[in-house]
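Proteins get letters first, then strands, A, B, ... in listed order; numbering begins at 1 in each. Please read these numbers as outputs of a predicted model, since none were measured by experiment. Scope of the values below: all heavy atoms of this structure, side chains included, with no hydrogens, waters or symmetry mates.
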Amino acid sequence: MNLLSALQIAASGLTAQRQRVEVISSNLANAETTRTPEGGPFRRKDLVFTTQSMTGAFQTMLGDALDNEAGNGVRVAGIYEDGSPFIRRFQPGHPDADPEGYVLMPNISPVEEMVNLISATRSFEANTQAVSAIKEIAQKSLEIGK
Amino acid sequence: MSKVFFEDNGMRTMEKYLDLAVQRQSLIASNIANVDTPGYKTVDLSFEQELRGATASEGSRLETTNSHHFGITPDSQAASVKQVEGLTVRNDMNNVNIDREMAQVSTNALKFSMVAQLIAGKFRTLKSVIQEGR
């Protein structure tokens, strides 16, 4: 059914944006982390989105019966590490400082993360709006028979 | 009115309208979901063209009683999804304009409820005809 696939698309958008917020909060939380299990400071993470076809097993069976021109959802294709260089901060008293007194700090700019966070929140909200519009449509179609 | 109540053209057109509105809703949902997907392009239905094609093929087509007449040829039944032209493409080759999509999502829902109400009204009329005839 088409209306439910529209709902799934909007839901996939919600999931993807929530994952983006998770990654951003991890970056913000680790903005000052100088020790990681892999050694060295924390590296900034980011994710890539890709389109995802919404044809599940049930829909491939019904595919011939219904004209399925439904749109595509979205999913996280992967989380990658930002390869940009670490920030060198002069802090001689820091236990992780090198002999010259410099500490390698994560390559994270809190301002950039906050901007991304707002962008992700707004996209999430846009998807919730889509969900309520779809719900409204479903509601109205149920009222036809009344 | 020569035809059965719910077989007339108005009803057919409205049915098709609801059908197309639901299809369009899932395309708009797709645009919104992919607002941050690199390379994604905005898609939409050629709504009016589809509606005209659908209604022309079912009853309301122009009769051609003379070889010099021209009728409206019904278009294909499957709704065609097309990419929307003329939107600004961002650096990541994505051209989703979120303001346009948000306006579309509410307009589309509103249009759907409008036509759904019209259909409901027709059914109410029918019900009244059936019940008040006693």
Side-chain angles (χ1 to χ4, degrees), chain A residues 1-17 19-21 46-54 59 66-77 116 119-120 122-146, chain B residues 14-15 18-46 50 76-82 92 94 96 98-124 127:
Chain A
M1 179 168 169
N2 232 323
L3 202 57
L4 292 181
S5 85
L7 208 55
Q8 276 181 354
I9 290 169
S12 79
L14 291 176
T15 315
Q17 296 299 340
Q19 278 178 299
R20 188 172 164 209
V21 170
D46 206 347
L47 37 75
V48 207
F49 290 151
T50 183
T51 52
Q52 178 192 24
S53 165
M54 275 305 170
Q59 284 193 329
L66 304 164
D67 54 334
N68 239 318
E69 290 281 15
N72 288 315
V74 65
R75 70 179 169 85
V76 175
N116 278 334
S119 164
R122 293 289 169 264
S123 302
F124 188 90
E125 280 172 15
N127 279 294
T128 57
Q129 288 287 323
V131 170
S132 22
I134 295 161
K135 269 165 59 187
E136 191 189 321
I137 281 189
Q139 191 77 44
K140 288 291 171 191
S141 53
L142 288 176
E143 281 169 17
I144 288 178
K146 278 187 186 167
Chain B
M14 288 192 285
E15 266 174 38
L18 295 187
D19 207 20
L20 288 174
V22 169
Q23 276 192 47
R24 182 177 233 178
Q25 199 71 7
S26 82
L27 290 180
I28 302 169
S30 158
N31 290 338
I32 293 174
N34 285 292
V35 68
D36 292 311
T37 307
Y40 181 86
K41 295 284 187 290
T42 307
V43 287
D44 204 350
L45 279 183
S46 40
E50 291 299 331
S76 70
Q77 282 299 295
S80 63
V81 177
K82 62 172 170 53
D92 58 354
N94 180 316
V96 176
I98 193 69
D99 301 324
R100 178 189 180 276
E101 301 309 321
M102 292 327 284
Q104 291 266 358
V105 83
S106 41
T107 324
N108 200 45
L110 213 61
K111 281 178 177 173
F112 184 95
S113 23
M114 179 185 78
V115 177
Q117 263 186 38
L118 283 175
I119 295 186
K122 270 201 131 172
F123 278 122
R124 268 199 303 276
K127 201 171 167 187

A.B. asks: Measuring from A/I9:CD1 to B/Q25:CD, what's the distance to the nearest 0.5 Å?
C.D. replies: 10.5 Å
A.B. asks: Does any backbone or side-chain atom of A/Q52 lie under 4.5 Å from a heavy atom of chain B? Answer side chain, backbone, both or neither.
C.D. replies: neither
A.B. asks: Distance from B/T37 atom OG1 to A/R75 atom CZ, nearest 0.5 Å?
C.D. replies: 10.5 Å
A.B. asks: Short question: side chain of B/S26, backbone of A/A6 - any donor-acceptor pair under 3.5 Å?
C.D. replies: no
A.B. asks: Is it the backbone or the side chain of B/I98 that comes under 4.5 Å from a heavy atom of chain A, or both, or neither?
C.D. replies: side chain
A.B. asks: Measure B/L18 against the heavy atoms of chain A and call it side chain, backbone, both or neither at under 4.5 Å.
C.D. replies: side chain
A.B. asks: How far apart are the closest heavy atoms of B/M102 and A/A126, and which atoms are they?
C.D. replies: CE-O, 3.6 Å
A.B. asks: Check B/A120 against A/E143 and note the closest heavy-atom contact, atom names and distance.
C.D. replies: CB-O, 4.3 Å
A.B. asks: Considering all heavy atoms of both residues, which atom of B/A33 and which atom of A/G13 are nearest to each other, and what is their separation?
C.D. replies: CB-CA, 3.8 Å
A.B. asks: Rounded at 0.5 Å granularity, tell me how far CD in A/Q129 sits from OG in B/S106.
C.D. replies: 8.0 Å
A.B. asks: Which bit of B/V105 comes within less than 4.5 Å of chain A, counting heavy atoms only: side chain, backbone, both or neither?
C.D. replies: both
A.B. asks: Need one label for A/A16: side chain, backbone, both or neither, based on atoms under 4.5 Å from any heavy atom in chain B.
C.D. replies: neither
A.B. asks: Identify the two heavy atoms, one from B/P38 and one from A/F49, that lie closest to each other, and give their separation to 0.1 Å.
C.D. replies: CD-O, 3.5 Å
A.B. asks: Taking side-chain contact (heavy atoms from CB on, under 4.5 Å) as the criterion, tell me which of A/T50, A/V74, A/T51 meets it with B/Y40.
C.D. replies: A/T51
A.B. asks: Which bit of A/R122 comes within less than 4.5 Å of chain B, counting heavy atoms only: side chain, backbone, both or neither?
C.D. replies: neither
A.B. asks: Working to the nearest 0.5 angstrom, can you tell me the gap between A/I144 CD1 and B/I119 CD1?
C.D. replies: 4.5 Å
A.B. asks: Tell me if the NZ atom of A/K135 is crowded by more than 12 foreign heavy atoms within 6.0 Å.
C.D. replies: no
